[in-house]
Structures are given as C-alpha cells and as structure tokens.
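Working notes, structure below.
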Amino acid sequence: MNYILETLNLSKKSGNTYRVKELSMQVPVGSVYGFLGPNGAGKSTTLKMILGLIHPDSGEIKVFNQKLNSSNKLSILGQTGSLIENPGGYGHLTGLENMQIIQKLKGVNEDEIERSLKTVRLFEQRDKKLKNYSLGMKQRLGIAMALLGGPKLLILDEPTNGLDPAGIHEIRELISSLPKERGITVIISSHLLSEVEQMADYVGIINKGKMLYQGTLAELETKGEGLEDAFLKLTGGKESL
C-alpha cells in the first residue's frame, strides 16, 4: 500500500509529560483518514509536528516518501494544505479579498481562487465581508484557502467545531468529495465519532499520546465492533458529544 504520510516513533514532551509518545501512523494515498481521540489526547500536537510548526523530540516524519527535514520542509509543505484551530482572516475584507491575500502569499495563479471557492460552495458569497459570514462559511473559506496551490495532502484539525447540524453536514460532504473530485488525501482530526464514521475510510485512535488502533472501519466491523464501541474500549472514556 502507498502511504502519503508516515510517522515512526514520533514523540514530544511538555516538561516531564509526553504529549505524544512513540507514535507511528500510516495514511494511505487517496483516503480520508480520521485521527481520533479525546480532547487532550495529542492529536493537535501530532499535526503541528507534521506541519513543521513544532519540532519533535524524537522520531521521524515522512511525507510524499521524503523524510521531513530543514532542507526539504518548504517544498513538502508547499504541497500540503491545512486548517489548524480556527480559520483566520480579516473581517472588514470580503471573502474574495481574503483569498487574494493567501493566493499572493502562496504565489499561485489567481484563477485558482475561483476553483477553490466553487469547491467549498462559496463563490456566490465571495463579495460578502468576512464579518458577515456564518461560522460554517468561515470554516469553508478556511478550507478554500488551504486548497489554494492544489495540495496533495489536506490536514484539518477539528473542522466542525462549533458548527450547527447544517454546517457540519456541509463540511462533511465537502471533505468526503475531495479525494475523488480533487485527488486530495485528507487527514481529519476530531473527537466527534459519528461525523468521522460518515467520512473516513481509515482511522487512527490515539489517547495519552499513544496510537491505540489504526486500520479501516471495515476491519473494526469484521471484529464485531463499531467505531464507538472500539473507541470506548480503547480509551476507557466517553465519546465527546
């Protein structure tokens, strides 16, 4: 199987406590990979290490079959889009103007803006000021910004946080469509099991910085377990609702 992302024994400490401990993950090309765990499990720390935002204490990260290091970091991350935490932007500018800022920073063609806005279904609202966008629209605009440059890998950290059911449905449909329509592999970090179950092909379940399960949803079903049952058994906790 071809993997677009692999980590090997990835670790990160905060003081004397491991935020991530010897974590190995494999994300297949063309998949939606659900990265699951309770709040504080180490999901965001892992994604920030993959994106080069923080440096691991030990371990290895491979993206596009290349070991991530200081010499190739920019070229690798140039093919990676991300939305970590809340989307940014300037409220007094329109959605289009915010997109143009990111387009210029990334150095990509302006015609990519239209394609990205249409992908997230915001093209008709491109001239509305960002401060007048709903939270769901802001999330979709953040994804549109991440799509600029045609990334091969898209990393989304809790993209449905704070959304109402209609907004969650929109984001879920969008994420599910990206591998087939844009050829993009998506990693989605979440603690909302029911949402990930409707999007993901593969899942990794993490708790206290350790990978507890990694594989397909179908493999869980062959063991007679649903995602929620497996999650509760492995983490010893309750699904966050």
Side-chain angles (χ1 to χ4, degrees), residues 4-5 27 29-33 35 44 47-54 61 63-66 68 72-163 167-168 170-190 199:
I4 198 166
L5 167 72
V27 179
V29 173
S31 66
V32 175
Y33 183 101
F35 193 36
S44 294
L47 297 183
K48 287 176 181 177
M49 285 191 283
I50 292 167
L51 290 167
L53 299 174
I54 57 177
I61 301 168
V63 190
F64 315 130
N65 291 316
Q66 300 176 68
L68 186 66
N72 63 16
K73 177 178 172 180
L74 290 179
S75 65
I76 287 176
L77 296 181
Q79 302 174 72
T80 304
S82 63
L83 178 61
I84 303 294
E85 298 170 348
N86 295 325
Y90 299 96
H92 65 288
L93 299 180
T94 65
L96 176 60
E97 289 168 336
N98 275 281
M99 288 287 287
Q100 287 170 334
I101 291 172
I102 302 301
Q103 169 254 322
K104 289 171 183 172
L105 287 172
K106 288 189 173 184
V108 299
N109 293 329
E110 193 165 0
D111 58 7
E112 286 199 30
I113 292 176
E114 180 176 342
R115 185 186 183 201
S116 292
L117 286 174
K118 285 182 175 178
T119 297
V120 303
R121 301 172 193 166
L122 278 179
F123 187 69
E124 300 302 322
Q125 287 81 36
R126 65 191 182 280
D127 294 322
K128 181 183 288 189
K129 289 189 176 180
L130 184 64
K131 65 183 178 183
N132 296 322
Y133 276 22
S134 68
L135 182 56
M137 290 170 69
K138 289 176 181 176
Q139 291 288 82
R140 282 188 283 145
L141 186 68
I143 295 173
M145 292 174 177
L147 290 174
L148 287 173
K152 297 177 183 177
L153 175 64
L154 183 64
I155 297 175
L156 305 174
D157 189 17
E158 302 282 4
T160 58
N161 255 7
L163 300 187
I168 290 173
E170 288 178 347
I171 297 294
R172 184 174 69 225
E173 281 198 333
L174 169 60
I175 291 169
S176 298
S177 73
L178 289 174
K180 188 173 291 184
E181 293 184 7
R182 297 283 296 262
I184 297 171
T185 303
V186 184
I187 300 173
I188 174 171
S189 164
S190 184
M199 290 184 276

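Applying the side chain to side chain donor-acceptor pair (under 3.5 Å) test to pairs two or more places apart or on separate chains, those with a residue in residues 116-129 are Glu114-Lys118, Thr119-Arg182, Arg121-Glu173. Among residue pairs with one or both ends in residues 132-154, those qualifying as side chain to side chain donor-acceptor pair (under 3.5 Å) are Gln79-Lys152, Arg140-Glu170; sequence neighbours excluded. The salt bridge (Lys or Arg N to Asp or Glu O under 4.0 Å) analysis of residues 75-84, with sequence neighbours excluded, yields no pairs.
Applying the side chain to side chain contact (heavy atoms under 4.5 Å, CB included) rule to Leu74 yields no partners; only residues at least two apart in sequence or on another chain are considered. Every residue meeting the side chain to side chain contact (heavy atoms under 4.5 Å, CB included) condition with Glu97, not counting sequence neighbours, appears here in chain and number order: Leu93, Thr94, Gln100. By the side chain to side chain contact (heavy atoms under 4.5 Å, CB included) test, Asn109 pairs with Asp111, sequence neighbours left out. Considering only residues two or more places apart in sequence or on other chains, Val29 meets the side chain to side chain contact (heavy atoms under 4.5 Å, CB included) condition with Asn2, Ile4, Thr185.
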(request) Starting from the C-alpha separation in whole Å, work towards a yes-or-no answer on side chain to side chain contact (heavy atoms under 4.5 Å, CB included) for Ile184 and Leu147. (result) CA-CA 9 Å; Ile184 297 171; Leu147 290 174; 3.5 Å; yes
(message) Walk me through whether Leu83 and Asp157 qualify under side chain to side chain contact (heavy atoms under 4.5 Å, CB included).
(response) CA-CA 6 Å; Leu83 178 61; Asp157 189 17; over 6 Å; no
(request) Just do the side chain to side chain contact (heavy atoms under 4.5 Å, CB included) check on Ile61 and Leu5 with the steps written out, would you? (result) CA-CA 8 Å; Ile61 301 168; Leu5 167 72; 4.1 Å; yes
(message) The test is side chain to side chain contact (heavy atoms under 4.5 Å, CB included); show your working for Thr80 and Phe64 and say whether it passes.
(response) CA-CA 10 Å; Thr80 304; Phe64 315 130; 3.8 Å; yes
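For the pair Leu154 and Ile187, the minimum side-chain heavy-atom distance is 4.5 Å or more. Proximity of Ser44 to Ile84: side-chain heavy atoms (C-beta onward) are nowhere separated by under 4.5 Å. Counting only heavy atoms from C-beta outward, the side chains of Ile155 and Ile188 never approach each other to under 4.5 Å. Two residues are said to be in side-chain contact when any heavy atoms from C-beta on lie closer than 4.5 Å; Leu156 and Ser82 fail this criterion.
Nearest heavy atom pair, residue Gln103 against residue Val108, reads NE2-O, 2.9 Å. Contact detail for Pro159 and Ser189: the closest heavy-atom pair is CD-O, 3.8 Å. The two atoms that bring Gly81 and Pro151 nearest to each other are N-CB, 3.4 Å, heavy atoms only. Heavy-atom minimum distance, Leu141 versus Asn98: CD2-CB, 4.4 Å.
For the atom pair CD1 (Ile113) and CE (Met99), the distance works out to 5.5 Å, reported to the nearest 0.5 Å. Expressed to the nearest 0.5 Å, how far CG of Leu96 lies from CG of Leu130 amounts to 12.0 Å. In this structure, CZ on Arg172 lies 11.5 Å from CG on Leu163, to the nearest 0.5 angstrom. Taken to the nearest 0.5 Å, the CG atom of Asn161 stands 9.0 Å off from the CG atom of Leu135. The distance from atom CD1 of Ile76 to atom CG of Leu51, rounded to the nearest 0.5 Å, is 11.5 Å. Atoms CG and CG, on Leu77 and Leu153 in that order, are 9.5 Å from each other to the nearest 0.5 Å.
Below 30°, between 30° and 60°, or above 60°: for Tyr90 and His92 the angle between ring planes is above 60°, a perpendicular geometry.
In terms of modelled atom types and a separation under 3.5 Å, the side chain of Glu112 and the main chain of Gly149 share a donor-acceptor contact.
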